[in-house]
Amino acid sequence: RRGGTELIVQTNTFGGDGKKAQLVPFQYNDTDSYVLLFTYSGGIGKLNVYKDKGVILHSAVSTTVSNISSGSPFTLTVASSTGFLEGADVVLNVTSPANSELDGKLSTIESVPTGTSVRLDPRFLPFHQTGATTGTLNKVYTITIPYDGDDMFASDGTFLLDVVQYNDVMYIAHPNYQMRILSRTADDNWSMDLMELVG
């Protein structure tokens with residue numbers, strides 16, 4: 001009878017390194033409900049979107065995977081590395097071998113050495129599974145936001161952005177920034193614009 005929690009995916013933050021994250025609900029109607037994840041990592045403010053027990057992926061950036069090489073970082077052999085940039089969040093979906101512990105895991109692109117290989121940050125992944133692996137590498141849909149870590153979070157972890165949602169827009173206020181408007185057009189189509197105040 002009590003509400004519970006369920007692990008959907010780990011965030012791009014790590015305990016003990018000063019990075020923080022905040023979940024914010026975005027309820028448009030009975031069928032379009034989201035969770036927004038505000039984070040700051042790698043010197044960049046990021047906003048990821050979650051829906052239906054999963055992170056929203058970038059519909060235009062995906063590639064097939066054929067092999068994982070040993071070592072640190074993981075090196076994935078892919079059909080094409082186009083669209084995968086250093087620092088981007090990605091999700092690895094494995095179809096073979098079956099029951100792979102890497103399936104559905106989130107990671108970050110550490111580097112893109114060639115047009116058919118990418119290297120993933122190994123801190124996100126549970127172990128160094130190697131060898132022939134089939135599946136897909138998908139880029140997480142990420143919105144870059146202008147706030148740095150100290151602006152988003154106080155030293156005690158308190159979230160410092162004031163957010164108010166109305167229909168499919170969210171108004172975001174901070175004393176050191178001009179107000180922003182976050183707008184939703186589709187699951188993987190959001191925009192953040194300056195709010196023009198008319199006096």
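Here the structure is a predicted model, which is why all the values come from computation and not from measurement. No hydrogens, no waters, no symmetry mates; every other heavy atom, side chains included, goes into these values.
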Quiz prompt | Single hit among Leu137, Ile68, Thr133 for side chain to side chain contact (heavy atoms under 4.5 Å, CB included) with Val94 | solution = Thr133

Self-check item: side chain to side chain contact (heavy atoms under 4.5 Å, CB included) partner of Leu102, the single match among Val65, Leu92, Asn93
Solution: Leu92

Quiz item: Regarding Asp121 and Ser107, is there a side-chain donor-to-acceptor distance under 3.5 Å anywhere?
Solution: no

Exercise. Would you please say whether a donor-acceptor pair under 3.5 Å links the side chains of Tyr34 and Asp187?
Key: yes

Quiz item: What's the shortest heavy-atom distance between Trp190 and Leu36, and which atoms?
Solution: CH2-CD2, 4.0 Å

Got a list of side-chain donor-acceptor pairs under 3.5 Å for residues 111-120, not counting sequence neighbours?
unit_1, atom_1, unit_2, atom_2, d
Thr114, OG1, Thr116, N, 3.2
Thr114, OG1, Ser117, N, 3.1
Thr114, OG1, Ser117, OG, 2.6
Ser117, OG, Thr114, N, 3.4
Arg119, NE, Thr75, OG1, 3.4

Quiz item: Taking Gln178 for the side chain and Met195 for the main chain, is one N or O donor matched with an acceptor at less than 3.5 Å?
Solution: yes

Quiz item: Backbone N or O of Asn29 within a donor-acceptor pair of the Gln27 side chain at under 3.5 Å?
Solution: yes

Exercise. Give a yes/no verdict on a cation-pi contact between Arg180 and Tyr171, requiring under 6.0 Å between NZ or CZ and the six-membered ring centre and an angle within 45° of the axis.
Key: no

Practice problem: Give, for atom CG of Leu161 and atom CG of Asp151, the distance between the pair rounded to the nearest 0.5 Å. | Solution: 8.0 Å

Exercise. With rounding to the nearest 0.5 Å, note down the distance linking CE in Met170 to CE in Met192.
Key: 9.0 Å

Self-check item: Within one Ile-Leu-Val-Met-Phe-Trp-Tyr cluster: Tyr166 and Ile181, side-chain cutoff 4.5 Å
Solution: yes

Quiz item: Can the ring centres of Tyr177 and Tyr147 be said to be less than 6.0 Å apart?
Solution: yes

Practice problem: Could you tell me whether the side chain of Asn138 reaches within less than 4.5 Å of the side chain of Val90, counting heavy atoms only? | Solution: no

Practice problem: Scan residues 21-41 for pairs that pass salt bridge (charged side-chain N to carboxylate O under 4.0 Å, His left out), counting only residues two or more places apart or in two chains. | Solution: Asp32-Lys51

